Amino acid sequence: MATRYDPFREMDRWLSNVRQVPAAPGLPLDLYRQGEVFVAKVDLPGVDPATIDIDVEDRTLTIRAERRREEAEDLQWLTHERPTGTFARQLSLGQGLALDRIEAAYSDGVLTLTIPVAEEAKPRKIQVAHTGRPASVETGSSEEAASI
């Protein structure tokens with residue numbers, strides 16, 4: 001009896017034998033506005049702070065960091081799931097931000113960027129000058145009227 005060849009079954013069998021590799025690592029972040037600043041918190045666990053590089057060019061903020069692979073002569077990996085290497089993330093920054101006043105801090109594996117709103121982008125009150133006619137003056141005596 002002849003057996004039928006099913007290409008989909010064969011592909012499924014082939015893919016099930018492939019070692020599962022984690023998806024390309026990213027830099028997960030939270031972004032929110034708090035008052036007059038935007039705050040971005042980027043997860044960078046196990047990253048040496050000296051490898052963190054932050055650049056702003058043409059309203060694009062780029063974050064780069066590196067997590068190095070542990071190396072030792074007698075090291076024998078049993079499983080290696082944590083990604084290593086250089087990671088990067090870019091954010092497009094809108095108008096109205098003070099790019100020259102961005103601050104960065106790294107603590108407990110989290111990079112915190114504080115991006116203030118530019119002064120010219122903040123809402124402000126405009127005072128209205130009163131330019132009406134002068135108030136009428138009550139005249140009491142002719143001397144007071146003459147001095148006015």
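Just so we're clear, the structure is a prediction, and the values are computed from it rather than from any experiment.
Other residues sharing the hydrophobic cluster of Leu75, ordered by chain and number and joined by side-chain separations under 4.5 Å: Trp77.
Under the 4.5 Å side-chain heavy-atom criterion for grouping Ile, Leu, Val, Met, Phe, Trp and Tyr, Ile63 is connected to Leu99 within one hydrophobic cluster. Under a hydrophobic clustering in which Ile, Leu, Val, Met, Phe, Trp and Tyr are joined whenever their side-chain heavy atoms come within less than 4.5 Å, directly or via other members, Tyr106 and Leu31 fall into the same cluster.
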Table please: side-chain donor-acceptor pairs of residues 37-49 below 3.5 Å, with sequence neighbours left out.
unit_1, atom_1, unit_2, atom_2, d
Asp48, OD1, Ala50, N, 3.2

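Between Ala104 and Leu111, the closest heavy-atom pair is CB-CD1, 4.3 Å.
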Practice task
Applying side-chain contact (heavy atoms from CB on, under 4.5 Å), run through Val117 and Arg33 and close with a yes or a no.
Solution key: CA-CA 10 Å; Val117 174; Arg33 183 173 182 167; 3.6 Å; yes
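The distance from atom CD of Gln95 to atom CG of Leu93, rounded to the nearest 0.5 Å, is 10.0 Å. Going from atom CG of Leu97 over to atom CG of Leu61 covers 10.0 Å, rounded to the nearest 0.5 Å. For the atom pair CD of Gln90 and CG of Asp55, the computed distance is 10.0 Å after rounding to the nearest 0.5 Å. Ile54 CD1 to Leu113 CG: the interatomic distance, rounded to the nearest 0.5 Å, is 4.5 Å. Within the model, atoms CZ of Arg67 and CZ of Arg82 stand 5.5 Å from one another, a figure rounded to the nearest 0.5 Å.
Checked by atom type and distance alone, the side chain of Arg59 pairs as donor or acceptor with a backbone atom of Gly94 at under 3.5 Å.
The existence of a salt bridge linking Glu66 and Arg68 is confirmed by a sub-4.0 Å separation between a basic side-chain nitrogen and an acidic carboxylate oxygen.
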